Amino acid sequence: MTSYIQKIQEVSARLLKECKVDMVIGFRKGTIPLMNEPYFARTAEDVQNLVWDSNCGINLANYLTDRKENIGIIAKGCDARNIVTHIVENKIKREQLVIIGVPCKGMINKRKITAMSEGEITEVTEDENNVTVKGDGFEKVLNKKDVLQQNCALCIHRNPIEYDELIAETVEEQKDIDRYADIREIEALSPAEKDKYFEDLFSTCIRCYACRNACPLCYCPTCFTDEAKPQWVGKSQDQTDIETFHFLRAFHCAGRCTDCGACERACPVGINMRLLTRKLEKDCFDLFEWEAGMSLDVRPPLDTYKPGDPDDFIK
Amino acid sequence: MKVIQIDKEKWADGLDRLAGSYRLFAPVKEEEFYNFKELAKDEAPDLNYLNTRLSPKAIIYPQSEIMFEYSLDESAEDHHIMKEVDNSYSPQAVIGVRPCDAKAFLLVRLNFDTPEYKDPYWIRAYESTTLVGLACDSPCSSCFCTTAGCGPYHEEGLDILLVDADNHFLAKVLTEKGEKLIKAAGWDTAADEAEAGKKIETGKQAAETKISAFVNTDRLPEIDTVELYKAPFWEDVSFSCINCGTCTFVCPTCWCFDIQDENHGKSGVRMRNWDSCMFPLFTVHGTGHNPRGTQLHRVRQRFMHKLKYYVDKYDVGIQCVGCGRCVRSCPVNIDIRRVCELMNNYGTEKDSCAA
Ligand code: SF4
Ligand code: SF4
Ligand code: SF4
Ligand code: SF4
């Protein structure tokens, strides 16, 4: 990790010095354990604040939307795919960017680690394979593999597919991953059971919209949830309105979501809304052999027509 | 001041008795987090918690609250007339509330209960609530209550302060409401006041020394508002903010709401829902113009309100009790302690390197 940090700082300093970019977007060290903060560096001095470790789960592509500067951006595998999606959707231009790719070894799950600890965590350190968690009266060494965010445990594109600089050797991609076991279980439920399942899933939602706002795909100038004329969704704690928000948002991410996990990570009450986007991701793969953000040259399946597209849903 | 000794063996019995005349709210653990919930029959409060994920503010100020109902059926005589709904304000008690969260109700009160304006919903709910606090013996590392006008044994806003003393609680009865509740519970063993007082004082000092996070707020009143508004650090502070409402929704002192009419067929309700200054929609005008059009505007508003406008307007400190929830829940780690430091140092030597 420290070798990553050195290289990130080196590359960023060089890009700024050569005036290739106006700013570098990365992370600075968090003020509490298991957190880092998205950060921009404009000067050689700022660059010293850039860090990298397993707490960089927020998707930085989210910070590119409609920016006008030339930007260096630190990108792990999923970030890079969302950057590609951003470019394809005209939210930023390729020429504006210097993508500093980070071969990723997975981000750790703050919530899971917190739940596994006997008390408040006050310090977390990590090395290649282990995470050491300390708190008042306890110290634990956890295997990083066991505490990854679920999306990282399931990830099959850890290496950035689009980049200008790569800050380390590529990592080995995970193989033979069954990405959708939980989704198949939900698919197998009866409609009534599904109804109950989703009602439970979203019962604690407070509609803070952190999931939406952490998502690089959710850049609409006015989200349908916020529209007043017409008002598509009510704004109260009504369960139907809450679920409508989640279902519609998920549909808007179909064929675009990279399963970066930023949405789930951001939720203050621990809701796994990725179950919805992953179902759509699975469908896009099954129907169109499509994975989002893998190429700058191919249009996404939902904005193109091909004669061979499956059409058996049209009755 | 009266101190009652409640043996833990008598705790459940007392709560049972209370359940007859109060609706009881208390922290319970749900999957990963603790939150305040209305206790079901025979459900016990789980007081083994550091702090709840959400503050208890919703018990007095629900996230969605119906104020009026109306009929749209033009054949009905009273169509299109707003009628107040019959909300129940039966007595309720919050058991095990933290002193910071109790003090927060007093801050919120400054907004809902003023000489000029009285918010009937909030006031009625507040008046029907008895707050039974639990002194905080293991504060989180992100709590900074002692420098935010509060503390782990702080009594302001509470009706009773419970202090855990191994096999019993010491209950310091602070108000008439508190007195009434203690009676209703049948807890009647008076503690030796001098001894109890000593114990509470020792506990208090021990808890206060455990607080490891602080804010400095001394210069906030004197700094020029416009200068602070124009400070260059806001770009740095606001960059990572995704303008979700998490910080304001988890905060016990945030009070903003939005009024909505919702129609279902031929009838409808007028309700209010929590709103957040972090949402772009919060300030958008009918014309489409938004005076707080950027993320920087909104982030600045939140911190300026809590740490400057409020300070200037009420002269009772900052609009924050240091519960640390926003610090722990912000998805991108925007930390009010850091921002407060930047604001408080603004215009001094220290401010140049702080960012
Ligand atoms: S929906 Fe969630 S997982 Fe998908 S791209 Fe958005 S933030 Fe990432
Ligand atoms: S982040 Fe969580 S609580 Fe907030 S709107 Fe999304 S699912 Fe609901
Ligand atoms: S400060 Fe954090 S919690 Fe608050 S709106 Fe910004 S990102 Fe959300
Ligand atoms: S601003 Fe943050 S620390 Fe202060 S009372 Fe609100 S949630 Fe707690």
Side-chain angles (χ1 to χ4, degrees), chain A residues 23 25 27-40 42 45-46 49 55 57-58 62-63 111-112 114-115 119-123 135-136 204 206-215 218 221-223 225-228 231 234-238 241 262-263 265-270, chain B residues 30-33 35 50-51 53-54 58 62-66 138-142 210 212-213 235-236 239-250 258 260 262 264 269 271-276 278-281 284 286 288 324-325 327-335 337-338 353 355:
Chain A
M23 67 198 295
I25 298 180
F27 286 91
R28 75 170 146 199
K29 190 166 168 34
T31 61
I32 53 173
L34 297 165
M35 285 299 279
N36 287 323
E37 184 184 358
Y39 173 72
F40 66 94
R42 285 194 198 272
E45 214 173 75
D46 297 347
N49 294 326
N55 305 302
I58 286 294
N62 198 24
Y63 293 92
R111 233 155 4 231
K112 190 167 178 181
T114 308
E120 196 202 1
I121 297 169
T122 50
E123 195 190 331
D136 189 15
T204 53
I206 56 170
R207 297 188 82 173
C208 64
Y209 303 133
C211 48
R212 175 192 70 184
N213 292 16
C215 177
C218 286
T222 308
C223 175
T225 341
D226 294 337
E227 288 274 7
Q231 183 161 339
K235 297 197 187 309
S236 74
Q237 283 302 92
D238 180 90
D241 286 324
C263 47
R265 185 186 169 89
C267 176
V269 295
Chain B
E30 312 173 285
E31 295 185 31
E32 298 162 60
F33 314 118
N35 265 325
L50 290 173
N51 214 340
R53 194 75 182 172
L54 304 175
Q63 181 164 6
S64 296
E65 183 171 29
I66 296 177
S138 25
C140 306
S141 58
S142 43
K210 283 191 199 156
S212 56
E235 194 194 359
D236 169 79
F239 174 77
S240 65
C241 178
I242 57 172
N243 275 168
C244 63
T246 303
C247 49
T248 54
F249 281 9
V250 299
D258 174 41
Q260 291 273 321
E262 283 198 0
H264 300 271
V269 294
M271 61 187 342
R272 68 168 169 197
N273 299 302
W274 290 353
D275 205 346
S276 169
M278 305 312 270
F279 296 156
L281 204 61
V284 77
R325 282 193 184 82
V327 177
R328 294 186 291 273
S329 291
C330 173
V332 297
N333 190 218
I334 290 181
D335 190 327
R337 297 170 299 178
R338 187 176 161 269
C353 57

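Lettering of chains follows the sequences in order, A, B, ..., and the numbering in each one begins at 1. Keep in mind the model is a prediction, meaning the values are calculated, not measured. Values reported hereafter were calculated over all heavy atoms of this structure, with side chains retained and with hydrogens, waters and symmetry mates removed.
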Between [options], which shows the greatest number of heavy-atom pairs under 4.5 Å with chain A?
{"options": "B/T248, B/T246, B/L50", "value": "B/T246"}
{"options": "B/C241, B/S240, B/C244", "value": "B/S240"}
{"options": "B/D275, B/V327, B/L281", "value": "B/L281"}
{"options": "B/R53, B/E30, B/Q63, B/E32", "value": "B/Q63"}

Check whether [X] gets within reach of chain A through its side chain, its backbone, both or neither, counting any heavy atom under 4.5 Å.
{"X": "B/F239", "result": "both"}
{"X": "B/S276", "result": "neither"}
{"X": "B/N35", "result": "neither"}
{"X": "B/C247", "result": "neither"}
{"X": "B/R337", "result": "side chain"}
{"X": "B/V284", "result": "neither"}

Scored by heavy-atom pairs under 4.5 Å with chain B, the best of A/E120, A/R212, A/R265, A/M35 is A/E120
Determine whether the aromatic ring centres of residues A/F40 and A/Y63 are separated by less than 6.0 angstrom. no
Chain B contact via [X] - side chain, backbone, both or neither, heavy atoms under 4.5 Å:
{"X": "A/I25", "result": "side chain"}
{"X": "A/Q231", "result": "side chain"}
{"X": "A/N55", "result": "neither"}

How long is the gap from [atom1] on [X] to [atom2] on [Y], to the nearest 0.5 Å?
{"X": "B/D335", "Y": "B/S142", "atom1": "CG", "atom2": "OG", "result": "8.5 Å"}
{"X": "A/K29", "Y": "A/Y39", "atom1": "NZ", "atom2": "OH", "result": "14.5 Å"}
{"X": "B/S64", "Y": "A/R207", "atom1": "OG", "atom2": "CZ", "result": "8.0 Å"}
{"X": "B/Q260", "Y": "B/R272", "atom1": "CD", "atom2": "CZ", "result": "13.5 Å"}

So that I can tick it off, tell me whether B/K210 and A/D136 are bridged by a salt bridge, with the cut-off set at under 4.0 angstrom between side-chain N and carboxylate O. no
Between A/R42 and B/E235, does any NZ, NE, NH1 or NH2 come within less than 4.0 Å of an OD or OE carboxylate oxygen? yes
Between B/F279 and B/F249, how do the two ring planes meet: parallel, tilted or perpendicular, split at 30° and 60°? perpendicular
So if I apply the side-chain contact (heavy atoms from CB on, under 4.5 Å) rule between B/N333 and each of A/I32, A/N36, A/I58, which one comes out positive? A/I32
